[in-house]
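Read through the structure below, which is laid out as structure tokens, and then see the notes.
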There are 2 protein chains.
Amino acid sequence: MKLHVSPDIFPPRGHEAKRLSIVDAAATVFCREGFAGANIDLIAAEAGVSRQTIYNHHGDKEKLFVTVVRDLTERCNAGIFATIATFPDRPGDLEADLIGFAVRLNQNCICNRDGKFLRKLIQTEGERYPELFAEWREQGPGRTWPAIAARFARLAYGGYLTIEDPDVAARQFLGLVNAELQTTFMLGGSPREDEVLQSATNGVRTFLRAFGKRRSASSEKQSALASA
Amino acid sequence: MKLHVSPDIFPPRGHEAKRLSIVDAAATVFCREGFAGANIDLIAAEAGVSRQTIYNHHGDKEKLFVTVVRDLTERCNAGIFATIATFPDRPGDLEADLIGFAVRLNQNCICNRDGKFLRKLIQTEGERYPELFAEWREQGPGRTWPAIAARFARLAYGGYLTIEDPDVAARQFLGLVNAELQTTFMLGGSPREDEVLQSATNGVRTFLRAFGKRRSASSEKQSALASA
DNA sequence: ACAAATTTAGACACTCTTGTCTAAATCGTC
DNA sequence: GACGATTTAGACAAGAGTGTCTAAATTTGT
């Protein structure tokens with residue numbers, strides 16, 4: 001027994017470190033090569049570990065793959081919910097605040113390493129592991145989209161937006177702020193920071209043209225001109 | 001020597017049929033299994049052809065793969081341009097006409113067999129064949145997006161829409177009408193017809209809320225001119 | 001420094017896949 | 001029916017990858 005501190009981190013130190021570096025390396029290689037194309041020796045080399053150690057930790061290639069996906073899903077979800085918590089409930093400058101939110105969502109959840117990898121794995125292996133990715137669907141979009149919708153509903157209730165269906169509005173918001181990044185996403189790349197900002201800015205402006213509160217004809221015209 | 005007619009179509013008839021069925025089957029299997037996971041015997045079985053015939057026709061696995069991608073790109077592009085030709089230049093009912101266009105684009109180009117396969121192959125193998133997919137990027141989005149943008153510019157010029165940047169508007173149009181289909185696309189599935197219609201309807205309505213002509217005619221002209 | 005646990009390198013059997021080769025069967029045309 | 005071209009089934013060698021095993025080396029806790 002460990003009468004020291006943090007009982008579950010202390011004893012296996014290099015042990016757990018190796019486990020992590022294996023999962024990490026496996027994510028990289030599975031994404032780059034696909035499940036069938038990935039080979040264990042490559043993962044071992046990438047992790048700086050012998051092949052046998054991988055088998056000791058994870059049993060076989062398929063178990064390792066499942067671990068990788070669950071790991072990524074968990075971390076991505078945590079990131080998304082953390083970002084949703086920064087959604088502007090009482091915006092000072094609605095446009096700027098929504099742009100900020102969109103950029104954070106993209107940079108911290110969709111374009112970062114985990115987001116990119118998870119997206120790629122879902123796209124490439126989704127059909128082969130229906131249960132695993134059904135789980136992702138429920139835990140991912142199934143939970144995050146309604147959460148974002150709820151935030152938009154709150155903005156509408158607070159008089160900042162005119163929205164009929166918050167769920168539709170949330171999906172369209174995401175579609176708009178990512179509209180210019182589709183090709184990059186397709187090829188598995190990461191957009192530059194300024195591309196993310198540009199796409200978010202254009203998307204939010206259009207979103208507000210559609211759903212923003214119309215004060216009067218003149219002030220509406222002002223904001224349209226100001227944003228151009 | 002063939003002194004008959006059409007010297008290069010006549011002699012191989014079942015020959016060319018086999019070539020096509022091989023490319024077809026290969027597309028199916030490459031999409032389902034990925035390049036590394038696809039095996040030639042499976043493709044041969046799917047095509048109803050012996051393995052040797054595949055090698056006779058296409059040389060090796062990689063050449064076959066390249067043929068498949070070029071083939072799909074070509075057919076998809078043709079479909080997209082054919083659909084763009086049906087873009088409503090002088091709409092009677094703008095909303096209904098744009099919804100119709102969006103549905104046609106989805107059903108005939110994005111959700112059909114070729115579109116689904118090409119998307120999947122780009123997502124899964126795009127990083128492995130940079131030149132091949134750079135070519136796709138130029139021939140695909142690089143040509144179709146501006147073509148759609150030009151149509152929107154024409155609608156704006158005709159007084160049907162208020163648009164500052166037609167390229168941005170075109171990308172946002174696509175983002176909006178596909179906003180509700182993202183998850184399905186991710187997993188490689190095909191949305192049902194009613195889902196396509198629903199997404200298109202919601203998307204076009206939001207698009208028109210943002211860019212549709214407002215009642216006051218004078219202010220529109222101003223902003224359109226100011227941003228041009 | 002000691003003892004237990006973990007990691008390592010390498011060899012190994014096994015399976016799967018690619019691409020070639022050959023001789024027989026089939027097809028399309030005259 | 002006969003001829004040339006194409007397709008077929010099957011065997012084959014060569015290579016690559018998975019997962020197991022072992023004995024030696026290393027790390028870790030006491």
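To find a chain, count down the sequence lines: A is the first, B the second, and so on, and within it residues start at 1.
At the heavy-atom level, A:H57 lies under 4.0 Å from the strands shown only through sugar-phosphate atoms. A:A36 comes within 4.0 angstrom of nothing in the nucleic acid, heavy atoms only. Using a 4.0 Å heavy-atom distance criterion, B:A44 is classed as making no nucleic acid contact.
Atom P of nucleotide C:dG19 and atom CG of B:N39 are separated by 11 Å, given to the nearest angstrom. Between the P atom of D:dG15 and the CG atom of A:D41 lies a distance of 17 Å, rounded to the nearest Å. We find that CG of A:N56 is positioned 15 Å from C1' of D:dT27, with the value rounded to whole Å. Atom NZ of A:K61 is separated from atom C1' of C:dC16 by 12 Å (rounded to the nearest Å). Going from atom CD1 of B:I54 over to atom C1' of D:dT6 covers 15 Å, rounded to whole Å. Between the CD atom of B:E16 and the C1' atom of C:dG28 there is a distance of 16 Å, rounded to whole Å.
Phosphate proximity of D:dT8 to B:K18: present, with a side-chain N or O under 4.0 Å from OP1 or OP2.
Between the side chain of B:R75 and the main chain of B:D114, no donor-acceptor pair closer than 3.5 Å is present. For A:E125 (side chain) and A:F35 (main-chain N/O), a donor-acceptor pair under 3.5 Å exists by modelled atom type.
Minimum atom distance to the side chain of A:I40 is reached by D:dT18, of the listed D:dT8, D:dT18, C:dG19. You'll find that the side chain of B:Q52 is closest to D:dT8, out of D:dT8, C:dT18, C:dG19. Counting only heavy atoms from C-beta on, B:Y55 has its side chain closest to C:dT20 among C:dT8, C:dT20, D:dG19. Comparing D:dG19, C:dT7, D:dC12 against the side chain of B:R51 picks out D:dC12 as the nearest. With D:dT7, C:dT18, C:dT7 as the candidates, the nucleotide lying closest to the side chain of A:T53 is C:dT7.
Among residues at least two apart or in separate chains, salt bridge (charged side-chain N to carboxylate O under 4.0 Å, His left out) pairs with a member in residues 178-190 of chain B are A:R171-B:E180.
Taking OG1 from A:T83 and CZ from A:F101, the interatomic distance works out to 7.0 Å, rounded to the nearest 0.5 Å.
A donor-acceptor contact closer than 3.5 angstrom is absent between the side chains of B:N178 and B:Q182.
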